[in-house]
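Just the heavy atoms: all of them, side chains too, but no hydrogens, waters or symmetry mates, feed the values below.
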Amino acid sequence: MFLQIRNNAVHFSKNYSLRTRNSHFPFPLLSLVQFYSKSRVEKQRSPAIFELLLHKHNFCPEAASQVATCLTLTRLKTLEKFDSTLSFFKESGFSNSQLEKMLKYRPTLLSANPDKVIKPKIKLFQDLNFSAQDIAEIITNDPDIMYRSLNNRVVPSLLVLKELLGSSLEVAKVLKISGWFLKSDIGKTMAPNIEFLKNCGIAVEQISWLMYTYPRCLLCKPKSMIKFVGRVDEMGINRSSKMFIHAIRVLSSMTDETWEQKLKAFKNLGFSDEDIVETFRKAPQVFSVSEEKMKKLKEILIASGKYDFSCVISHPTSLICSVENKYKPRLQVLGVLESRNLIKEWPSFPGLYKMPDESFVKKYVRPYLREVGDLHKVESWFCGKNGLCR
């Protein structure tokens with residue numbers, strides 16, 4: 001087929017159609033003439049690659065154009081290689097949407113040596129009993145897996161994961177969440193960190209939660225993990241508490257400098273040293289909230305005239321709630337209702353942020369929809385959310 005295309009390109013004339021859409025392999029013959037003449041040297045979309053992706057492999061025009069702009073043809077065999085690589089991915093279980101996503105992120109994958117870079121990785125996953133669907137999803141989410149050393153990184157990491165998790169099915173779940181486990185030597189990071197946490201008395205269920213939700217935490221250097229555990233101990237969280245693993249996760253996401261800045265931010269907002277320690281013990285995840293968000297919440301609470309930041313200090317988990325999607329709409333509704341003498345008193349601060357959306361709508365929105373329905377924020381948030389105002 002490719003020989004026929006070459007002959008057609010060489011003997012191109014005006015009698016030939018620019019597009020052979022009814023052929024098995026349709027694309028503009030003119031593009032090959034331009035390629036052989038080397039008349040264009042600037043970076044631009046390759047017509048031949050674009051047509052290959054668009055017509056034979058059914059890429060959407062946007063994806064085909066993006067990939068074709070990043071790749072160049074050095075000879076006709078290159079086009080054959082691209083076609084062969086795409087066909088191999090499809091035969092291995094990759095869908096069109098997965099190929100588009102993967103190649104838009106890493107278009108040079110088509111230029112990689114399939115026998116040295118691509119096929120050995122696919123075969124390894126197959127040999128370890130990963131399903132075709134799982135293999136496609138894992139590689140699509142992190143195409144750089146293909147460029148990592150098979151023997152020095154991918155094989156050791158997969159074997160360690162399988163030993164820790166017990167099955168390829170569980171390993172696949174983890175890798176679909178994050179490809180970080182194949183980016184570092186987990187035999188020197190994650191494995192010793194897990195063993196250390198177990199020796200600290202942390203429940204296996206909590207360690208598993210950390211692996212599935214915040215995998216990068218377990219990939220820190222073992223000496224860093226020891227430091228995190230020590231700091232959490234100093235803050236007074238019992239190792240048997242479910243908050244212990246949350247505290248480790250929060251600390252692992254910050255540098256020492258960021259941690260000090262975070263403590264300073266809490267103090268600037270009115271938290272005492274005792275408040276900070278108590279907050280960290282009860283809800284360490286609060287320390288992941290940005291200083292900007294805390295300041296914004298303080299501003300709108302004070303502006304309401306009904307609450308102040310001491311309410312937040314007494315109920316620190318309130319910081320986790322969204323300012324834009326929870327506090328602002330609710331405060332606006334309550335303000336309108338009060339201004340029209342429709343309510344005599346506001347809810348307590350815990351009631352303000354803890355009350356489920358359905359309960360808030362039932363008590364403060366639905367009975368007064370004519371009065372508050374004209375507020376854009378109310379209409380777009382409450383009434384548009386799950387049809388709560390219907």
Side-chain angles (χ1 to χ4, degrees), residues 25-27 43-74 77-158 161 168-184 186 212 215-216 219:
F25 189 94
F27 70 108
K43 186 69 175 178
Q44 61 179 353
R45 186 179 80 186
S46 167
I49 298 174
F50 176 75
E51 294 294 330
L52 170 70
L53 297 172
L54 181 67
H55 294 295
K56 182 170 184 181
H57 293 284
N58 300 313
F59 275 42
C60 70
E62 184 270 333
S65 180
Q66 182 175 329
V67 175
T69 302
C70 297
L71 298 172
T72 56
L73 285 176
T74 56
K77 283 189 174 294
T78 305
L79 197 63
E80 293 177 329
K81 176 185 170 185
F82 292 168
D83 179 47
S84 176
T85 300
L86 287 164
S87 296
F88 173 75
F89 275 125
K90 288 184 175 181
E91 291 165 3
S92 300
F94 287 73
S95 67
N96 260 34
S97 60
Q98 287 174 326
L99 286 174
E100 289 179 355
K101 177 182 176 181
M102 180 172 65
L103 293 175
K104 282 170 66 177
Y105 173 77
R106 190 64 70 208
T108 53
L109 194 57
L110 278 183
S111 302
N113 186 322
D115 294 321
K116 292 183 178 180
V117 176
I118 299 172
K119 292 181 180 180
K121 307 293 193 326
I122 300 288
K123 187 176 186 305
L124 172 64
F125 281 105
Q126 292 171 339
D127 290 344
L128 291 174
N129 297 318
F130 284 76
S131 69
Q133 182 179 348
D134 285 342
I135 295 172
E137 190 171 343
I138 290 168
I139 294 175
T140 298
N141 290 342
D142 184 16
D144 288 338
I145 289 174
M146 292 298 188
Y147 292 104
R148 292 175 198 136
S149 170
L150 183 68
N151 295 322
N152 296 330
R153 181 66 70 235
V154 181
V155 171
S157 295
L158 286 176
L161 284 172
S168 295
L169 182 62
E170 292 302 312
V171 175
K173 288 180 183 178
V174 166
L175 292 180
K176 283 189 283 188
I177 295 170
S178 173
W180 279 93
F181 293 115
L182 299 182
K183 291 183 179 180
S184 61
I186 62 174
Y212 284 103
R216 290 183 65 178
L219 298 175

Go through it in stages, so that I can follow the logic: the residues are F125 and D134, the test is side chain to side chain contact (heavy atoms under 4.5 Å, CB included), and I'd like the CA-CA distance, side-chain angles, deciding distance and then a yes or no. CA-CA 9 Å; F125 281 105; D134 285 342; over 6 Å; no
Under the salt bridge (Lys or Arg N to Asp or Glu O under 4.0 Å) rule, what do E51 and K56 come out as? Steps first, then yes or no, please. CA-CA 7 Å; E51 294 294 330; K56 182 170 184 181; over 6 Å; no
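Using a 4.5 Å cut-off on side-chain heavy atoms (C-beta onward), F130 and I135 make contact. At least one side-chain heavy atom of L103 sits less than 4.5 Å from a side-chain heavy atom of L86. C70 is not listed as a side-chain neighbour of V67, based on a closest heavy-atom distance of 4.5 Å or more. Using a 4.5 Å heavy-atom cutoff, the side chains of S111 and F82 are in contact. With contacts defined as side-chain heavy-atom distances shorter than 4.5 Å, the pair L158/L182 qualifies. Residues N141 and M102 have side chains not in contact (no heavy-atom distance under 4.5 Å, counting atoms from C-beta outward). Side-chain contact between H57 and N96 is absent, with no heavy-atom pair separated by less than 4.5 Å.
Figure legend: cation-pi geometry between K119 and F88, with NZ or CZ positioned under 6.0 Å from the six-membered ring centre and within 45° of its axis.
Side-chain contact annotation: T108 with Y147, donor-acceptor N/O pair under 3.5 Å present. Side-chain atoms of E170 and Y212 include a donor-acceptor pair closer than 3.5 Å.
Counting non-hydrogen atoms of neighbouring residues, nucleotides and ligands closer than 6.0 angstrom, the NZ atom of K123 reaches no more than 12 such neighbours.
Atom CD1 of I49 sits about 5.0 Å away from atom CG of L71, to the nearest 0.5 Å.
Classification of D142 and K176 as a salt-bridged pair fails, no side-chain N sitting under 4.0 Å from a carboxylate O.
Applying side-chain contact (heavy atoms from CB on, under 4.5 Å) to K183 and the options R148, R153, R216 leaves one that passes, R148.
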